[in-house]
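Chain letters run A, B, ... following the sequence lines, proteins first and then strands; every chain starts at 1.
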Amino acid sequence: MSDNEQKSGLAKAYDFKDVERKWYDSWQENNLFSAKMEEGKDNFAIVIPPPNVTGVLHVGHALNNTLQDILARYHRMKGDNTLWLPGTDHAGIATQNVVERQLATENESRHTLGREKFIERVWQWKEEKGSTIINQLKHLGSSCDWQRERFTMDKGLSKAVRAVFVRLFNEGLIYKGDYIVNWCPRCHTALADDEVEHEDTAGALYHIRYPYADGSGQVIVATTRPETMLGDTAVAVHPDDERYQGLSEIGIKLPLSERTIPVVLDHHVQREFGTGALKVTPAHDRDDYEIGLRHELAVLKVMDDSGTMNEAAGDYQGLDRFECRKRIVADLKEQGYLEKIEEYDHAVGHCYRCKTVTEPTTSLQWFVSVKPLAAKAVDAVRDGRINIHPKSWNNTFYAWMDNIRDWCISRQIWWGHQIPAWTCEKCGELIVSEKDPDSCPKCGSGELVQETDVLDTWFSSALWPFSTLGWPDETKEMAHFYPTSVLITSFDILFFWVARMMMMGLHFQDEVPFKDVYLHALVRDKHGKKMSKSTGNVLDPLVLIEKFGTDALRFTLTAFAAQGRDIRLSEERIEGYRHFINKIWNAARFSLMHLEDFFTGEKPPPIDHGKLALPHAWILSRLNQATIDSHRALNDFRYNDYASTLYQFIWHELCDWYLEWIKADLYGDDDEAKETARLVLLTVLEESLLLLHPIAPFITEEIWQALPGERDSIMISPFPEARDQWQNSEAETSAQLVMEIIGGIRNIRSEMQIHPKAEVEAFIISSDAAANERIMAQAQSIKTLTRLKSLEIESSGQVPKGAASYILADKEIFVPLAGLIDVEQEMAKLKKARQKLEKQEKQTSGKLKNEKFLANAPADVVAKEQEKLAEFKGKLEKIAETMARLGDL
RNA sequence: GGGCGGUUAGCUCAGCUGGGAGAGCAUCGGCCUUACAAGCCGAGGGUCACAGGUUCGAUCCCUGUACCGCCCACCA
């Protein structure tokens, strides 16, 4: 171990593994995540998008929770009553599938077990495995109030579900009916419209001859699903279609069947498509169902719940629907009914859970009338009570809400909230009630049978922002935290979830569920492809954390979280930000070497900003700017701006300039200068850590605790506020000048290949007396930072021949290099610079000669252009002088 | 068929209300200078997709075109 390591007490490279575990445990032990509800303070609440209880953390979760944690930590540090409420979703179909698979390995099934035992089994699974994702969220550093963790099936939430269901039913907004729904033949349940994913599929369009019932002719219908013809109960044509006038009196003899079906006239039929005749299968097609309703057609189901042809399919009974399709086509062909087969691409619906092709079919289901609820949600977004970020989603949101159809909420599975409705076996009365009824209120019979269906999972998650706060009871939590502040989620559940929370919140609380919705992007692989297990391009956040550390992963995700754009993630990119985390670590090590014995008891007095030397005044001014920018970025959900502000400030201003600049004081003999440097250094380091904490919680705490003095957790230390007295434009101007000079000298050294250790002389020629004074005040710093033997400034005069030069607007820097100058090379460099400047000069002077520009442009823009012109002219002059001198050589 | 987003340095992307094109990575040159080689210093590199328009002025606003991506949709 070197001296430095001993002195700072920190290892040379940041070892995140122990650090992360240590501090996370400490935060939990000290209850720092738990929400306070103090009066007179602002409230800030986020409810987590509850991950599926079956879930395993993926990068999307990592992004989602990092963004939430940043806001939670920010507001907690600001002193707000801050609640970040965690929990999981019971995920009906997904969870049931998991447990069923498990049962299958034991040669059991839910049917052999029976409903009650099966549900017990799922609960058992939940107790054993259900906290996986919660534990993974902890690795991310999530500062959720874990004591308030909820589950969409727990007692309180079940109570809320029933309360909502009953009220909606009593209001006539929930109804039961036999309608066409999307059916998954594998999951054996109905699905909501948005649970069906449409995929373009290469299929075929079959043209089939349907003979007239009187044998006088035929009509050709086209279909992508010939097997459904077994359920045809009509052929539809457009009422104005001249080709089929009078056909409605004749009827059609359905091929492969003994049935005769009517021809109906319906405006839905597109005359241009195919032959303008449409076979109508009300039981297996949504449009046909609608047509059927209009013409009171029979609804003939030809498949059962598993997609197998039923007795109505006659000879085809027992065949799987796809097998049946082949048979039907073969039979049609054989019997001369098949006109032709065309290749045809069309969208086919798939179950979003198991990817099975869904079957539209009629079924007795429960629905929510969403139109009145949706209207309220649209209003809330329109009048700004809810703000969606980025705004570009507004139109999509409106479009979807305007076209919304009733929501099928019943599912024929077992895992979920069983619908609180009972039928009286005796009199048939339907009873909907929050509490399990003992007897029929109509006939008094005790023979009541509860609905076997459960509710769509999204029904309970739609209540999440208030059910988790204790509603329907009147709780302190509701009073403080409803409406919640922000909802942060991925755009792909905007409709599944966000829109429904708006509807339910507005309807039941008469108040929005959240004021802002931040929709973040999808995390893709480095080629822009969606991550998926089958492609094998999945990045596992836990592996990334193991490899690069949580803070590095969080910083990366934040830095790339620009609004409205997907994130392409790769290990290389995280590695880059790990370097940044390590940079902070080393800056802290350096600082601690000088701060370790700075003070032990009382903190030193605050900085006297009235008489600070340039580097101190400058860094405080820059820090103040970074603070202002951080607040602004966080309040505007501009996460990437927040990350880059800190990256830029800490690395390029604090480390590259300030630390180098004050080394002379820190290592020097001037005690007063040394004390000031230590004090400002400590201040800047502290504030930087505080600014950085929400994004990189672990390293900031580790360093914070190593700083001198007794300290509370950085988590509960105040987030920096802007300090006007630190703003110092004079210092910024001076510092910029000094940096320009240093840059110029370094440029010469590098271009001239002067060895870094070689000490050289430099001259500056400048007629600007004020500037010269500023430069001379920093002469020592400039010399140290550029390894100069001497630095001289002259207002005019001769410079030794054979000096390398660097041109500034009204100054010229020379480093004499007798005999070492490559004249041609220097000339070429100058010519190139001149060329560029001439172009800029021309452009700017052109503008300034333009009367319209002078008349229309704001004064400050004109002034700036004038400054620019002066600068260009000055540089050109200096270049001319230098070239002339070089020419003399 | 509608809607949305993208096109800026070799790569990945910033660029908020129009006013001298930026970052990270990569590349090239020089440095193990006692915080950091996971680093430091310096350099090169762009017709801001294309075509019009508005404007004193356009990477930015408008219109159109071309590619790329996503979402929604009941033409069988």
Side-chain angles (χ1 to χ4, degrees), chain A residues 2-5 8 10 12-14 194 198 205 221-225 236 268-270 272-274 277-281 285-290 344 346-347 360 390 392-393 395-396 399-400 403 491-492 494-495 522 524 526 528 530 559-560 562-570 572-573 575-594 632-633 636 638 640-641 644 647-648 652 655-656 659-660 663 667 743 746-751 753-757 786-787 840 843-844 847 850-858 860-862 864-865 868 871-872:
Chain A
S2 75
D3 288 353
N4 291 329
E5 281 172 58
S8 69
L10 297 181
K12 194 168 176 180
Y14 174 52
D194 52 14
H198 293 274
L205 192 59
V221 300
T223 179
T224 54
R225 305 196 51 207
H268 167 81
V269 179
Q270 309 283 313
E272 312 76 45
F273 190 93
L278 170 67
K279 66 187 267 310
V280 183
T281 324
D285 185 280
R286 186 181 292 276
D287 291 339
D288 294 4
Y289 181 79
E290 302 284 331
Y344 192 71
H346 62 124
S392 52
W393 280 99
N395 283 338
T396 313
W400 193 79
N403 296 317
F491 62 80
D492 52 356
L494 176 59
F495 305 127
L522 237 49
R524 300 173 177 279
K526 64 174 155 185
K530 217 170 173 168
F560 287 114
Q563 287 193 8
R565 197 153 174 158
D566 287 345
I567 297 174
R568 296 191 186 191
L569 192 70
S570 66
E572 295 91 306
R573 321 190 74 178
E575 203 175 349
Y577 285 104
R578 181 184 58 171
H579 294 175
F580 175 62
I581 298 295
N582 198 52
K583 184 76 179 174
I584 297 164
W585 183 254
N586 278 295
R589 278 180 64 227
F590 170 77
S591 306
L592 284 165
M593 280 167 49
H594 298 280
R632 188 172 157 196
D636 293 348
R638 302 184 65 88
N640 57 321
D641 283 356
S644 71
Y647 188 98
Q648 202 62 28
H652 298 304
C655 292
D656 286 352
L659 295 185
E660 296 303 325
K663 274 179 181 173
Y667 287 114
R746 284 174 174 169
N747 178 281
I748 293 172
R749 295 191 63 123
S750 184
E751 295 279 316
Q753 312 225 349
I754 299 168
H755 192 276
K757 279 183 178 162
T786 54
R787 289 245 186 186
Q840 289 175 312
Q843 201 183 350
T844 310
K847 256 188 203 178
N850 183 339
E851 279 173 36
K852 284 183 182 170
F853 171 73
L854 295 173
N856 291 315
D860 60 315
V861 172
V862 176
K864 204 178 162 197
E865 289 297 314
K868 270 157 62 179
E871 181 191 326
F872 298 148

**Report entry** Parallel, tilted or perpendicular, as decided by the 30° and 60° cut-offs, for the rings of A/Tyr667 and A/His594
**Finding:** perpendicular

Query - Length of the line joining A/Trp585:CH2 and B/A38:P, which is rounded to integer Å - result: 17 Å

**Report entry** Per A/Asn640 side chain, nearest of listed nucleotides B/A14, B/G24, B/C56
**Finding:** B/A14

Report summary line: Winner on side-chain proximity to A/Pro756, out of B/C31, B/G42, B/G24, is B/C31

Report task. For the pair A/Phe491 and A/Trp393, name the ring-plane relationship: parallel under 30°, tilted 30 to 60°, perpendicular over 60°. Result -> parallel

Query raised in the report: Given B/A38, B/C56, B/C16, which nucleotide is nearest the side-chain atoms of A/Arg578?
Result: B/A38

Report task. Could you give the distance separating B/A21 and B/A35 at their P atoms, to the nearest angstrom? Result -> 39 Å

Query raised in the report: Distance check: side-chain N/O of A/Lys663 vs OP1/OP2 of B/U33, anything under 4.0 Å?
Result: no

**Report entry** Straight-line distance of A/Arg225 CZ to A/Thr281 OG1, nearest 0.5 Å
**Finding:** 8.5 Å

Query - Heavy-atom side-chain contact between A/Tyr14 and A/Ile584 under 4.5 Å - result: no

Query - Under-4.0 Å side-chain N/O to phosphate OP1/OP2 contact, A/His198 with B/C72 - result: no

**Report entry** Separation of A/His268 NE2 from A/Asp288 CG (nearest 0.5 Å)
**Finding:** 7.0 Å

Report task. Tell me whether the OP1 or OP2 atom of B/G22 has a side-chain N or O from A/His652 closer than 4.0 Å. Result -> no

Query - Same-atom distance (C1') from B/C16 to B/G10, integer angstrom - result: 29 Å

Query raised in the report: In terms of the nearest nucleotide of RNA chain B, which residue is placed more toward the 5' end: A/Asp636 or A/Gln270?
Result: A/Asp636

**Report entry** B/U54 to B/A9 separation - P atoms, rounded to the nearest Å
**Finding:** 29 Å

Report summary line: Here the gap from A/Arg749 atom CZ to A/Glu751 atom CD, rounded to the nearest 0.5 Å, amounts to 13.5 Å

Query raised in the report: When we call it a touch if two heavy atoms are under 4.0 Å apart, what does A/Ala399 touch: a base, just sugar-phosphate, or nothing?
Result: nothing

Query - Candidate nucleotides B/G19, B/A35, B/U33, ranked by approach to the side chain of A/Phe853 - the nearest - result: B/G19

Query raised in the report: NA contact type, A/Glu751, heavy-atom cut-off 4.0 Å: base, sugar-phosphate, or nothing?
Result: sugar-phosphate

Query raised in the report: Sub-3.5 Å donor-acceptor pair from the side chain of A/Asn582 to the main-chain atoms of A/Arg578, do we have one?
Result: no

Query raised in the report: What is the nucleic acid contact for A/Glu572, judged by heavy atoms within less than 4.0 Å: base, sugar-phosphate only, or nothing?
Result: nothing

Query raised in the report: Atom NZ of A/Lys279 to atom P of B/A76: distance rounded to whole Å?
Result: 13 Å

Nucleotides 1-10 of chain B: which of its N/O atoms have a protein N/O under 3.5 Å away?
residue : atom : partner  : partner atom : Å
B/G6    : O3'  : A/Arg565 : NH1          : 3.4

Report task. Establish, with yes or no, whether the OP1 or OP2 oxygen of B/G30 is under 4.0 angstrom from a side-chain nitrogen or oxygen of A/Lys757. Result -> no

Query - Whole-Å P distance, B/G5 and B/C61 - result: 11 Å

**Report entry** Straight-line distance of A/Thr223 OG1 to A/Asp285 CG, nearest 0.5 Å
**Finding:** 8.0 Å

**Report entry** Rounded distance in Å - NZ (A/Lys868) to P (B/A21)
**Finding:** 8 Å

Report task. Output the single nucleotide from B/C56, B/A76, B/C41 whose closest atom is nearest the side chain of A/Leu278. Result -> B/A76

Query raised in the report: When all nucleic acid strands are considered with a 4.0 Å heavy-atom cut-off, which category describes A/Asp656: base, sugar-phosphate, or nothing?
Result: sugar-phosphate

Query raised in the report: A/Phe580 CZ to B/A35 P: how many Å, rounded?
Result: 20 Å

Query - Whole-Å C1' distance, B/A43 and B/A26 - result: 14 Å

**Report entry** Distance (rounded to the nearest 0.5 Å) between A/Ile748 CD1 and A/Gln753 CD
**Finding:** 14.5 Å

Query raised in the report: Which one, B/A76, B/G39, B/G19, comes nearest to the side chain of A/Val269?
Result: B/A76

Query raised in the report: Looking at the side chain of A/Asn586, which of B/A35, B/U12, B/C56 is the nearest nucleotide?
Result: B/A35

Query raised in the report: Should the pair A/Lys663-A/Glu660 be classified as a salt bridge under the 4.0 Å nitrogen-to-oxygen rule?
Result: yes

Requested in this report: Could you measure between the two C1' atoms, the one in B/G19 and the one in B/U59, and give it in whole Å?
Outcome: 13 Å

Query raised in the report: Does a side-chain N or O from A/Arg568 land closer than 4.0 Å to OP1 or OP2 of B/C13, or not?
Result: yes

Query - Structure string for RNA chain B in dot-bracket form, Watson-Crick and G-U at under 3.5 Å, | interchain - result: (((((((..((((.....[..)))).(((((.......))))).....(((((..]....))))))))))))....

Query - Interatomic distance where CD belongs to A/Glu290 and C1' belongs to B/A73 [whole Å] - result: 15 Å

Report task. Take the protein atom CZ of A/Phe590 and the nucleotide atom P of B/G39, then report the distance between them rounded to whole Å. Result -> 18 Å

Query raised in the report: On a whole-Å scale, what distance lies between the P atoms belonging to B/G18 and B/A58?
Result: 13 Å

Requested in this report: Classify the nucleic acid contact of A/Asn582 as base, sugar-phosphate or nothing, counting any heavy atom under 4.0 Å across all strands shown.
Outcome: base

Query raised in the report: Is A/Asn856 near enough to B/C56 that one of its side-chain N or O atoms lies under 4.0 angstrom from OP1 or OP2?
Result: yes

Query raised in the report: Which whole number of Å gives the distance between the P atom of B/C41 and that of B/G24?
Result: 11 Å

Query raised in the report: Base, sugar-phosphate, or nothing for A/Arg286, non-hydrogen atoms under 4.0 angstrom?
Result: nothing

Requested in this report: Send over the distance from A/Leu854 CG to B/C56 P, rounded to a whole Å.
Outcome: 13 Å

Requested in this report: Determine the contact category for A/Tyr667: base if any of its heavy atoms lies under 4.0 Å from a base atom, sugar-phosphate if only primed atoms, P, OP1 or OP2 are that close, otherwise nothing.
Outcome: sugar-phosphate

Query raised in the report: Within the distance-only criterion (no hydrogens, no angle test), does the side chain of A/Ser750 pair as donor or acceptor with the backbone N or O of A/Arg746 below 3.5 angstrom?
Result: no

Query raised in the report: Around atom CZ of A/Arg632, are there more than 12 heavy atoms of other residues, nucleotides or ligands at under 6.0 Å?
Result: no

Requested in this report: Find the distance between OG1 (A/Thr844) and NZ (A/Lys864) and round it off to the nearest 0.5 Å.
Outcome: 11.0 Å

Report summary line: For A/Arg787 and A/Lys757, the nearest pair of non-hydrogen atoms, with its separation, is NH1-O, 3.9 Å

Requested in this report: Could you check A/Ile754 against A/Glu660 and say which one's nearest nucleotide on RNA chain B is further toward the 5' end?
Outcome: A/Ile754

Query raised in the report: What integer distance in Å separates A/Trp393:CH2 from B/C71:C1'?
Result: 6 Å

Query raised in the report: Between A/Tyr344 and B/A76, is there a side-chain N or O to OP1/OP2 distance below 4.0 Å?
Result: yes

Requested in this report: Report yes if at least one side-chain N or O of A/Arg638 is closer than 4.0 Å to OP1 or OP2 of B/G15; otherwise report no.
Outcome: yes

**Report entry** Pair of N/O donor and acceptor under 3.5 Å linking B/A14 base with A/Gln648 side chain
**Finding:** no

Requested in this report: Using a heavy-atom cut-off of under 4.0 Å over every strand shown, decide if A/Arg749 touches base, sugar-phosphate, or nothing.
Outcome: nothing

